[in-house]
Structures are given as C-alpha cells and as structure tokens.
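Report on one structure; see the data block that follows.
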Amino acid sequence: MRFWIECTRFATGQAIHINIALVGSMWRDGERTVLALVGGDGQTIELSETPEQILERHFGAMRTA
C-alpha cells in the first residue's frame with residue numbers, strides 16, 4: 001500500500017509529496033516540522049505545516065472524547 005502526504009518545504013514554499021511509509025519520525029524545531037526518513041543516510045525534510053495540520057489534511061479533523 002502506498003500513501004503519499006502533501007506538504008510544503010519550509011525553505012522554498014514548494015509542495016512536496018512524501019510516502020508516509022518512509023517517515024521514521026517527526027518533530028517540531030521552532031516554526032518548522034522536521035521529518036526524518038528511514039534508512040541509513042539520515043535524510044531530513046523541513047516543512048511549514050505542523051504535524052497536526054498534516055494529519056488533519058489527510059485524515060480529517062481529530063475528534064476528542
């Protein structure tokens with residue numbers, strides 16, 4: 001199964017599509033969200049959206065109990 005998320009690169013403002021299966025971790029660094037990709041090269045991608053915005057865009061609004 002392939003699942004792609006659409007995000008915005010922090011430095012350039014360009015849209016990017018990332019296969020969610022390649023994301024090993026995600027954290028905030030100031031105003032940026034950093035995605036660390038799985039694999040031995042330690043590649044990261046800096047995004048403008050918060051993790052919550054990314055999840056809401058692709059999965060809908062989160063409901064509270």
Side-chain angles (χ1 to χ4, degrees):
M1 179 175 146
R2 294 186 184 139
F3 186 74
W4 297 86
I5 56 173
E6 181 181 353
C7 308
T8 308
R9 283 192 181 268
F10 187 79
T12 64
Q14 292 180 324
I16 181 172
H17 290 83
I18 301 168
N19 186 325
I20 194 70
L22 299 178
V23 177
S25 61
M26 178 179 353
W27 67 90
R28 291 291 287 170
D29 182 14
E31 296 195 13
R32 299 173 291 211
T33 296
V34 181
L35 300 182
L37 304 181
V38 296
D41 62 1
Q43 183 179 1
T44 62
I45 299 173
E46 296 179 349
L47 307 173
S48 298
E49 294 88 357
T50 66
E52 293 82 9
Q53 289 170 324
I54 294 168
L55 294 173
E56 185 174 318
R57 177 184 296 168
H58 296 284
F59 298 112
M62 303 296 278
R63 298 184 213 192
T64 56

Worked check of side chain to side chain contact (heavy atoms under 4.5 Å, CB included) between Thr44 and Leu37: CA-CA 6 Å; Thr44 62; Leu37 304 181; over 6 Å; no
Shortest non-hydrogen contact between Arg57 and Glu6, atoms and distance: NH1-O, 2.6 Å
Single-linkage hydrophobic cluster Leu55~Ile18, side-chain heavy atoms < 4.5 angstrom: yes
Atom pair CD (Glu46) and CD (Glu31), whose distance is rounded to the nearest 0.5 Å: 12.0 Å
Interatomic spacing from SG in Cys7 to CD1 in Ile45 - rounded to 0.5 Å: 8.0 Å
From OG1 (Thr50) to CD (Glu52), nearest 0.5 Å: 4.5 Å
Any donor-acceptor N/O pair, Arg9 side chain to Ile16 backbone, under 3.5 Å: no
Heavy-atom closest pair, residues Ser48 and Phe10: OG-CA, 3.6 Å
Thr33 side-chain N/O to Leu47 backbone N/O, donor-acceptor pair under 3.5 Å: no
Spacing of Ile20 atom CD1 and Met26 atom CE [to the nearest 0.5 Å]: 5.5 Å
